[in-house]
Engineer: 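This is the structure I want to talk about, given as structure tokens.
In each ligand, atom 1 is the first atom listed, and ligand 1 is the first ligand listed. Values reported hereafter were calculated over all heavy atoms of this structure, with side chains retained and with hydrogens, waters and symmetry mates removed. Sequential numbering from 1 along the given sequence is applied to the chain's residues. Computed from a predicted model, the values in this text were never measured in an experiment.
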Amino acid sequence: MKSITILGSTGSIGTNTLDIVQRFPDDFRVIGLTGGSNVEKLETQIRSFKPRAVAVSAESSAAMLRKRCSDLPIEILVGEEGIAHVAAMPGAELVISAIVGAAGLVPTLAAIRSGKHIALANKEPMVMAGKLMQAEAREHGVRIFPVDSEHSAIFQSLEGHRLEDVRRLILTASGGALWTLTKEQLQNVTPERALQHPNWKMGSKITIDSATLMNKGLEVVEARWLFDISESRIDVLVHRESIIHSLVEYEDRSMIAQLGLPDMRTPISYAMRYPERMPLDLPSLDLTQVGTLTFCQPDHDRFPCLNLGYDSLRVGGTMPAAMNAANEVAVDAFLNGGIRFVEIADVIRSTMDAHVRRDITGLDDALEADRWAREKAESLVHALSR
Ligand SMILES: NC(=O)c1ccc[n+]([C@@H]2O[C@H](COP(=O)([O-])OP(=O)(O)OC[C@H]3O[C@@H](n4cnc5c(N)ncnc54)[C@H](OP(=O)(O)O)[C@@H]3O)[C@@H](O)[C@H]2O)c1
């Protein structure tokens with residue numbers, strides 16, 4: 001029986017994780033859960049999984065939850081501090097990090113510093129402060145298991161091989177909801193259209209990131225730190241079917257890949273029970289049904305955000321954190337009708353152009369770059385808003 005805490009339990013990854021727990025009640029015990037503002041869903045999860053403590057982001061949500069759960073023996077905490085407290089709570093061996101965005105950095109680091117292994121879905125902290133997170137993980141004897149399907153595929157394709165034999169990593173990209181649109185058509189894309197991902201059901205922020213290909217830019221940075229490999233040895237290949245989840249090319253030009261139907265429960269369960277594989281009751285991949293797998297190069301002209309990820313790594317230091325914050329602000333503005341789809345890349349690029357890079361020597365450097373870039377991006381969004 002493994003004790004786990006789930007950060008972001010009310011989201012898409014959080015819900016999939018709890019689905020696995022429900023299917024394997026003898027294998028996992030839930031110690032802590034955290035949510036943002038979806039109090040109703042969190043209450044349902046509390047009643048089903050009986051954690052010792054939960055945390056939510058705002059005082060108003062905590063007050064509502066306390067009222068709804070007054071008949072239960074549960075500690076309800078609030079704010080970033082409360083979420084970090086639950087993340088570091090004694091008793092859990094593994095923390096599923098599944099908050100969306102920079103909000104996950106402090107809690108995930110708190111979990112690492114308290115010696116808990118991490119199943120990492122929340123890629124943004126790794127983008128903001130990957131070097132720091134890896135250094136802290138080493139210091140505290142913590143393993144970080146990737147949950148992102150691409151990184152899980154690479155992790156699996158590296159098993160049993162020597163890192164020094166790796167020639168390059170190849171991240172596959174579905175291309176997102178708008179891959180077939182022309183540059184002109186992209187000008188008038190609505191949030192509803194951009195949210196129609198062809199293969200994956202995910203939260204709205206990552207779905208827009210997939211449509212801009214910023215998700216792949218973030219994943220390049222994530223891979224750089226997860227696998228300690230320079231960005232010049234990380235390639236991206238568009239593979240619309242999302243069947244090959246990523247590949248590793250070795251020095252002898254062999255390629256090893258991981259395949260499967262697009263279902264996040266596969267990479268989540270691998271991170272939860274590594275090195276064991278869980279007997280998930282999911283449909284098998286039938287390659288005769290799939291028939292053809294297709295591949296092509298990313299189109300940097302229509303989707304400039306992927307290159308921003310590479311650029312941020314070349315500059316280094318606080319630049320990836322600034323890029324990430326600008327992206328969060330721009331995606332939010334697009335979803336709320338403030339800017340156009342194509343302006344997301346403009347906001348990020350202009351924020352990066354204005355950012356003065358500093359070294360990341362500690363958490364405060366990443367947080368300060370995040371704060372600065374949010375302010376800058378907000379002012380750019382304000383200027384663009386009609
Ligand atoms: N979904 C996928 O298939 C997938 C695949 C690979 C990687 N990822 C990564 O996994 C992470 C989660 O993605 P998702 O799709 O599960 O997102 P999501 O469905 O939007 O869920 C996000 C979770 O974070 C919580 N949250 C939001 N803002 C918060 C804040 N300020 N403080 C504390 N909690 C907050 C939400 O709470 P409320 O809902 O209660 O407000 C929810 O529990 C992202 O980093 C994403 O890139 C996701």
Side-chain angles (χ1 to χ4, degrees), residues 5-19 32-46 54-62 64-65 77-87 96-108 110 118-128 145-153 171-174 176 195 197 199-212 214-219 221-223 226 242 245-246 261-268 270-271 309 324-325 327-328 331-332 335 370 374:
T5 284
I6 307 171
L7 310 178
S9 64
T10 51
S12 161
I13 293 287
T15 307
N16 272 310
T17 306
L18 285 171
D19 179 78
L33 296 175
T34 81
S37 55
N38 193 341
V39 169
E40 203 176 323
K41 192 162 186 179
L42 193 55
E43 182 196 351
T44 308
Q45 294 179 345
I46 291 168
V54 299
V56 286
S57 44
E59 187 52 65
S60 54
S61 305
M64 235 186 292
L65 197 62
L77 298 148
V78 68
E80 187 175 73
E81 210 175 303
I83 294 174
H85 180 87
V86 171
I96 320 301
S97 168
I99 290 174
V100 62
L105 174 58
V106 168
T108 305
I118 306 290
L120 187 77
N122 183 196
K123 65 192 83 182
E124 293 88 348
M126 201 44 104
V127 171
M128 296 169 72
F145 300 105
V147 167
D148 228 338
S149 57
E150 295 79 357
H151 303 75
S152 175
L171 297 171
T172 53
S174 71
L195 284 169
H197 197 286
N199 305 337
W200 297 96
K201 262 179 110 97
M202 310 182 284
S204 54
K205 192 257 179 188
I206 184 177
T207 308
I208 300 301
D209 287 348
S210 296
T212 59
M214 186 72 251
N215 186 46
K216 219 44 60 180
L218 298 173
E219 286 179 7
V221 184
E222 183 186 9
L226 274 177
S242 299
H245 295 305
S246 280
L261 289 169
D263 190 315
M264 284 309 292
R265 286 171 294 185
T266 301
I268 294 170
Y270 192 61
N324 178 68
N327 179 51
E328 288 190 29
V331 169
D332 200 48
L335 285 171
D370 179 82
R374 271 171 209 277

Engineer: I want to know if ligand 1 touches Gly14 in the polar sense, i.e. an N/O pair below 3.5 angstrom.
Structural biologist: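 No - when backbone and side-chain N and O of Gly14 are compared with those of ligand 1, no distance drops under 3.5 Å.
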Engineer: In this structure, does ligand 1 have an atom that sits under 4.0 Å from one of the heavy atoms of Lys123?
Structural biologist: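 Under 4.0 Å: yes for Lys123.
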Engineer: I want to know if ligand 1 touches Glu124 in the polar sense, i.e. an N/O pair below 3.5 angstrom.
Structural biologist: yes
Engineer: How far is atom 21 (O) of ligand 1 from the closest protein heavy atom, and which atom is that?
Structural biologist: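 For atom 21 (O) of ligand 1, the nearest protein heavy atom is Gly11 CA, 3.1 Å.
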Engineer: With heavy-atom distances below 4.5 Å as the criterion, would you say the side chains of Leu120 and Thr108 are in contact?
Structural biologist: yes
Engineer: Please list the nearest protein heavy atom to atom 9 (C) of ligand 1 with its residue and the distance rounded to 0.1 Å.
Structural biologist: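 For atom 9 (C) of ligand 1, the nearest protein heavy atom comes out as Ala121 O, 3.1 Å.
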Engineer: Students should be able to answer this: which protein heavy-atom is nearest to atom 11 (C) of ligand 1, and at what distance?
Structural biologist: Ile99 O, 3.6 Å
Engineer: Is there at least one pair of N or O atoms, one from Ser204 and one from ligand 1, spaced under 3.5 Å apart?
Structural biologist: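 For ligand 1, there is no N or O atom that lies under 3.5 Å from one belonging to Ser204.
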Engineer: Taking a cutoff of less than 4.0 Å between a non-hydrogen atom of the residue and any ligand atom, is Ser37 in contact with ligand 1?
Structural biologist: yes
Engineer: Would you check if Val106 and Glu81 make a side-chain contact, meaning some heavy-atom pair closer than 4.5 Å?
Structural biologist: no
Engineer: If we count only N and O atoms by modelled type, under 3.5 Å, do the side chains of Ser242 and Asn199 hold a donor and an acceptor together?
Structural biologist: yes
Engineer: Establish, from distance only, whether the side-chain atoms of Asn122 and Glu124 form a donor-acceptor pair under 3.5 Å.
Structural biologist: yes
Engineer: Please work out which of Ala102, Gly101, Ser61, Gly203 has its closest non-hydrogen atom nearest to atom 15 (O) of ligand 1.
Structural biologist: Gly203
Engineer: Would you say the side chains of Lys216 and Ser210 form a donor-acceptor pair under 3.5 Å?
Structural biologist: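 No, no side-chain donor-acceptor contact under 3.5 Å.
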Engineer: With a 4.5 Å heavy-atom cut-off, do Ile6 and Leu18 have their side chains touching?
Structural biologist: yes
Engineer: Which residue supplies the protein heavy atom nearest to atom 31 (N) of ligand 1, what is that atom called, and how far is it?
Structural biologist: Ala103 CB, 3.5 Å
Engineer: Can you find an N or O of Thr10 that's nearer than 3.5 Å to an N or O of ligand 1?
Structural biologist: yes
Engineer: State whether a side-chain donor-acceptor pair under 3.5 Å links His245 with Ser152.
Structural biologist: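 No, because no side-chain N or O of His245 sits under 3.5 Å from a partner of the opposite role on Ser152.
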Engineer: Would you kindly specify which portion of Met202 sits under 4.0 Å from ligand 1, judged on non-hydrogen atoms: side chain, backbone, both or neither?
Structural biologist: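 It is both backbone and side chain that touch ligand 1.
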Engineer: Give me the residue, atom name and distance of the protein heavy atom closest to atom 33 (C) of ligand 1.
Structural biologist: Ile83 CD1, 3.5 Å
Engineer: Counting heavy atoms not belonging to Glu40, are there more than 12 under 6.0 Å from its CD?
Structural biologist: no
Engineer: Are Ile83 and Leu77 close enough that some pair of their side-chain heavy atoms sits under 4.5 Å apart?
Structural biologist: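 A side-chain contact is absent here, since even the closest heavy-atom pair is not under 4.5 Å.
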Engineer: Return the closest protein heavy atom for atom 8 (N) of ligand 1 as residue, atom name and distance.
Structural biologist: Ile206 CD1, 3.6 Å
Engineer: State whether the shortest distance between N or O atoms of Ser57 and N or O atoms of ligand 1 falls below 3.5 angstrom.
Structural biologist: no
Engineer: Which of the listed options, Asp209, Asn16, Ile13, Asn215, holds the heavy atom that is closest to atom 48 (C) of ligand 1?
Structural biologist: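 It is Ile13 that holds the nearest heavy atom.
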Engineer: What protein heavy atom sits nearest atom 23 (C) of ligand 1, and how far off is it?
Structural biologist: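 Result: Ala98 O, 3.7 Å.
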Engineer: Report yes or no: do Asp370 and Asn324 form a side-chain donor-acceptor pair below 3.5 Å?
Structural biologist: no
Engineer: For atom 27 (C) of ligand 1, what's the nearest protein heavy atom and its distance?
Structural biologist: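 In this structure, atom 27 (C) of ligand 1 has Val100 CG1, 3.7 Å as its nearest protein heavy atom.
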Engineer: Go through it in stages, so that I can follow the logic: the residues are Ile208 and Met214, the test is side chain to side chain contact (heavy atoms under 4.5 Å, CB included), and I'd like the CA-CA distance, side-chain angles, deciding distance and then a yes or no.
Structural biologist: CA-CA 8 Å; Ile208 300 301; Met214 186 72 251; over 6 Å; no
Engineer: In this structure, which one of His151, Glu219, Glu150, Glu222 forms a side-chain hydrogen bond (donor to acceptor under 3.5 Å, both in side chains) with Lys123?
Structural biologist: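 For Lys123, the side-chain hydrogen bond (donor to acceptor under 3.5 Å, both in side chains) check succeeds only for Glu219.
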Engineer: Could you work out, for atom 19 (O) of ligand 1, the closest of Ser12, Gly104, Ser210, Pro146 by heavy-atom distance?
Structural biologist: Ser12
